[in-house]
Amino acid sequence: MNNMSAFELSEQEIQRRESLNKLREMGINPYPADLYPVTDYATVIKDKFEEGKQVCLAGRMMSQRDMGKASFAELQDSSGRIQLYFNRDEICPGEDKTMYNQVFKKLLDLGDFIGVKGYMFTTKVGETSVHVQEFTLLSKSLKPLPLPKTDAEGRIHDAFTDPEMRYRQRYADLVVNPHVKEIFIKRTKLFTAMRQFFNDAGYMEVETPVLQPIPGGAAARPFMTHHNALDIPLYMRIANELYLKRLIVGGFDGVYEFSKNFRNEGMDRTHNPEFTAMEIYVSYKDYNWMMDFTERLLEYCAVEVNGSSETTFGEHKINFKAPYKRVTMRQSIIDFTGFDIDGKSEEELFNAAKGMGIAVDTTMGKGKLIDEIFGEKCEGNYIQPTFITDYPKEMSPLCKEHRDNPELTERFELMVCGKEVANAYSELNDPIDQRERFEEQVRLAEKGDDEAGQFIDYDFLRSLEYGMPPTSGMGIGMDRLIMYLTNNPSIQEVLFFPQMRPEVHAVKVELSDNEKVIFDIIQKEGEMDLNSLKLKSGLSGKQWDVSIKALTKQGILKVTKTEDSLSVGMAE
RNA sequence: GAUUCCGUAGCUCAGCUGGUAGAGCAAUACACUUUUAAUGUAUGGGCCCUGGGUUCGAAUCCCAGCGGGAUCACCA
């Protein structure tokens, strides 16, 4: 309802609209189409100050200090802020002082985009500024920004901090919170660095399907959708692993992809329904090579993003400098519990886990029990980057059996701050073994293990039958990694637009029973004659009068006059 | 899903054991030609998240709901 939303405008929003109209009346287009010939950026000209240099820049006006016939303002562009100096008689050299007195002082608002031309100078107080000779309104801002202020000591007052509003209105967050912008610049630097590292190594960035007929490569609840033309169900990918391996079968030596994955599961501080994983597969390598590669990669990325391999996460200082410690899962469990899992039966593992106070149940197999012990007693202790190697076989259906121990797999996870950041295998390339492992997963799923995959991707098995070279693959949770590199404990802080419950827009108007009767008729039958509506409603004259007046007053229904009658319909 | 905290002006927040709303910034008006959280004076601005209940009276107390945060549980 347009009139309702207009009704809800705040005082300041109304004032800005009035300013907009006045500008138009003065012949100033608040949204001009022409390009503005920007030649300079705020922080660049501040860093390379040249007295008297002519500059032209554009951005948002973020503060205004009006001193009568002269004023100061701050301009914020993509690089940062710079102070502007406006002098009435220089902006308006002639008799007509409108541009300064009216346009600049009255009709411009904080947040408006302006372009300025002028020259560099330093004020009495020593602030490098632009002495403005000419300014142009480039775009009017109709909604006041949640503008914080920074004092002389650099303390921020009235910071825009409400997480709900910051995430829902990220655009405003980015305008007023420079440190937020910095996180996303670093995020992009991380992606760029990683690409660089892979490309330098000669590997190829590829794209594989997001819509998949079988959601494979991980165990997670997928988002389901439907393709109308084919009339088949499709799934949003939960992982891209099986497609990248097909490309290795096809003959590429190294392929990688930054993959948006989608999992229809819970959301919390470290989980968003869509997230980004990077996966890379390199042929003729094994997981030992991949550990060397991974630690060099992460050191490189940390330095590219932060200028140092060291980073702070909460109370921890982390150093991504290679090499990282390598600990087998067996040794890790010995280290933290004194219990040796080697050669133990399922019953022995069950009792050991129970003895450690871990919640166990009889559906858990050996692998699951070991995983529980590790997760409960060991995982959290690895603060510095550490490779945990040689996972039990049942937990890793896509991973090659360990060369020395058939109960284990050639798998590692990289732990940082007690959480998994990377996961890698010597990839299983035996098609018969792979088929059996898939079938085992299906059996587990039927038994009720909701972590096991329910689908078998026969096309993937077919590709393996043609032969896949020995290959090592590695995946990195990009969101989690950037959380570590920017010291953010919440995934929402490193995603531009984290998933939120939709905002409720509908203005709830409580209707009385009589009003509802009338409203329902119009809703069902559309616009109709006023008198027939009155008859149809069955209301008394008084009830009718009160109700119809209330409905029109609230802007829900509208009465329009035709030639010789009145008709009632929904308001816009 | 459980527990817990929060929701008041455009923003950040006060508002006590219930008595129909306050501050700073932002806005409006006036003054001020090198200020910088500019300053001074004046003014305007509120579905106190929603719906019930208790009460003579609810922003405040109780219940339910909605939205958000945190912790836990879940999570290849």
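Here is how names work: the chains are called A, B, and so on, in the same order as the sequence lines, proteins then strands, and each is numbered from 1. Computed from a predicted model, the values in this text were never measured in an experiment. The analysis underlying the following values was restricted to heavy atoms, covering all of them including side chains, and did not include hydrogens, waters or symmetry mates.
- One finds a side-chain N or O of A/Arg65 lying less than 4.0 angstrom from the OP1 or OP2 phosphate oxygen of B/rA38.
- For B/rG68, the OP1/OP2 oxygens have a side-chain nitrogen or oxygen of A/Arg501 closer than 4.0 Å.
- Base pairing annotation: B/rU50 forms a Watson-Crick or G-U wobble pair with B/rA64, both donor-acceptor distances under 3.5 Å.
- The phosphate of B/rC30 has OP1 or OP2 within less than 4.0 Å of a side-chain N or O from A/Lys106.
- Side chain of A/Leu110, nearest nucleotide from B/rU12, B/rA27, B/rG67: B/rA27.
- Within 4.0 Å of A/Asp66, counting heavy atoms only, lies at least one base atom of the nucleic acid.
- In this model, the phosphate group of B/rG69 is approached by a side-chain N or O of A/Gln492 to a distance below 4.0 Å at OP1 or OP2.
- Nucleotide B/rA2: paired with B/rU71 (Watson-Crick or G-U wobble, both distances less than 3.5 Å).
- Contact annotation for A/Tyr391: no contact, since no heavy-atom pair falls under 4.0 Å across all strands.
- OP1 or OP2 of B/rG10 has not a single side-chain nitrogen or oxygen of A/Lys143 nearer than 4.0 Å.
- Looking at heavy-atom distances under 4.0 Å, A/Pro148 makes no contact with the nucleic acid at all.
- As judged by a 4.0 angstrom heavy-atom cut-off over every strand, A/Glu265 is placed among residues touching the sugar-phosphate backbone only.
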